[in-house]
Amino acid sequence: MTELIKIAFLGIAGVLLALQFKGVKPEYATYIGMAVGILIFYFCMRQVEFLTTQFSRLREYLNGAEAYLSILLKVIGITYICEFSSGICKDAGYQAVAAQIEVLGKLTVMFSGLPILFAVIEQIRSFM
């Protein structure tokens, strides 16, 4: 919880600092926003490390279904990376590029989930 508060204050301080530079040197505001975003990304990666250790504990309970957890982790990573890069593009004023990154992320998530869909279909067919 304290880590979340630190990250929130880091984000607010970074935004306030970037706002100070936005009128004078807009490129500095973009650089500050990117630097704060990268710092927050670093803190998030530390949380992902904790999450992966918890997933490894969960794998012990799943017999033969570990592939579904790896797909879930992949989808979470894809979503976060696309959201992060899209946000940076939006802050820099490139909404069209941000929209294309979001579309790419959605398509990648959809294709990553196809093995689960096929497994469900096979399960349904086995009951018939």
Side-chain angles (χ1 to χ4, degrees):
M1 183 69 173
T2 58
E3 186 121 347
L4 176 66
I5 293 171
K6 289 178 189 176
I7 293 170
F9 280 130
L10 173 69
I12 292 169
V15 167
L16 291 176
L17 184 64
L19 284 174
Q20 294 296 319
F21 283 99
K22 193 165 190 151
V24 180
K25 294 270 191 173
E27 63 272 8
Y28 288 171
T30 302
Y31 298 146
I32 291 170
M34 286 176 52
V36 170
I38 290 170
L39 281 172
I40 293 173
F41 185 75
Y42 168 74
F43 283 114
C44 290
M45 287 298 107
R46 290 177 44 196
Q47 295 296 321
V48 169
E49 286 179 35
F50 174 74
L51 184 66
T52 55
T53 58
Q54 296 302 316
F55 271 131
S56 66
R57 286 183 56 205
L58 186 59
R59 278 191 178 132
E60 296 172 5
Y61 298 111
L62 298 174
N63 294 328
E66 293 91 6
Y68 300 131
L69 283 179
S70 66
I71 291 172
L72 178 63
L73 279 175
K74 186 187 299 184
V75 166
I76 290 170
I78 291 167
T79 304
Y80 187 76
I81 289 170
C82 288
E83 185 71 26
F84 180 74
S85 56
S86 171
I88 289 176
C89 292
K90 285 179 184 176
D91 286 346
Y94 293 95
Q95 282 77 15
V97 175
Q100 294 302 316
I101 291 172
E102 290 172 359
V103 168
L104 174 68
K106 291 172 186 174
L107 288 172
T108 307
V109 165
M110 184 180 72
F111 288 127
S112 296
L114 282 178
I116 295 174
L117 176 65
F118 291 138
V120 169
I121 291 171
E122 286 296 320
Q123 195 72 22
I124 292 171
R125 290 181 75 196
S126 69
F127 290 128
M128 294 181 170

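Note that this is a predicted model, so its numbers are computed, not measured.
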message: Assigning hydrophobic clusters by single linkage (Ile, Leu, Val, Met, Phe, Trp, Tyr; side-chain heavy-atom cutoff under 4.5 Å), is Met110 placed with Ile116?
response: no
task: Please answer: with hydrophobic residues joined when any side-chain heavy atoms are less than 4.5 Å apart, are Leu39 and Ile7 in the same cluster?
output: yes
query: Linking I/L/V/M/F/W/Y whenever any side-chain heavy atoms sit under 4.5 Å apart, do Ile88 and Ile38 land together?
result: yes
task: Specify the closest pair of heavy atoms between Ile78 and Ser112, including all atoms of both residues, with the distance to one decimal.
output: CD1-OG, 3.6 Å
- request: Using the side chain to side chain donor-acceptor pair (under 3.5 Å) rule, collect all pairs that involve residues 24-38, keeping only residues at least two apart or in two chains.
  value: none
task: Return the minimal non-hydrogen interatomic distance between Leu104 and Thr108, and the atom names on each side.
output: O-OG1, 2.7 Å
message: Tell me every residue that passes side-chain contact (heavy atoms from CB on, under 4.5 Å) with Gln20, counting only those two or more places apart in sequence or in another chain.
response: none
query: Applying salt bridge (Lys or Arg N to Asp or Glu O under 4.0 Å), which residue pairs with at least one partner in residues 111-127 are found, sequence neighbours left out?
result: Glu122-Arg125
query: Nearest heavy-atom pair of Lys90 and Gln95: which atoms, and what distance?
result: O-NE2, 3.6 Å
query: What are the two closest heavy atoms between Gly11 and Val36, and how far apart are they?
result: CA-CG1, 4.0 Å
task: Starting from the C-alpha separation in whole Å, work towards a yes-or-no answer on side-chain contact (heavy atoms from CB on, under 4.5 Å) for Ile101 and Phe84.
output: CA-CA 10 Å; Ile101 291 172; Phe84 180 74; over 6 Å; no
query: Do you know which two heavy atoms are closest between Ile40 and Tyr80, and how far apart they sit?
result: O-OH, 4.5 Å
field: Heavy-atom pair of closest approach, residues Ala29 and Ala18
entry: CB-O, 3.3 Å
- line: Rounding to 0.5 Å, atoms OG (Ser85) and CD (Glu102) come to a distance of 9.0 Å
- prompt: Same cluster or not: are Phe111 and Leu117 linked, directly or through other Ile, Leu, Val, Met, Phe, Trp or Tyr residues, by side-chain heavy atoms under 4.5 angstrom apart?
  reply: yes
- prompt: Hey, quick one: are Leu114 and Leu107 part of the same hydrophobic cluster, counting side-chain heavy atoms closer than 4.5 Å, chains of contacts allowed?
  reply: yes
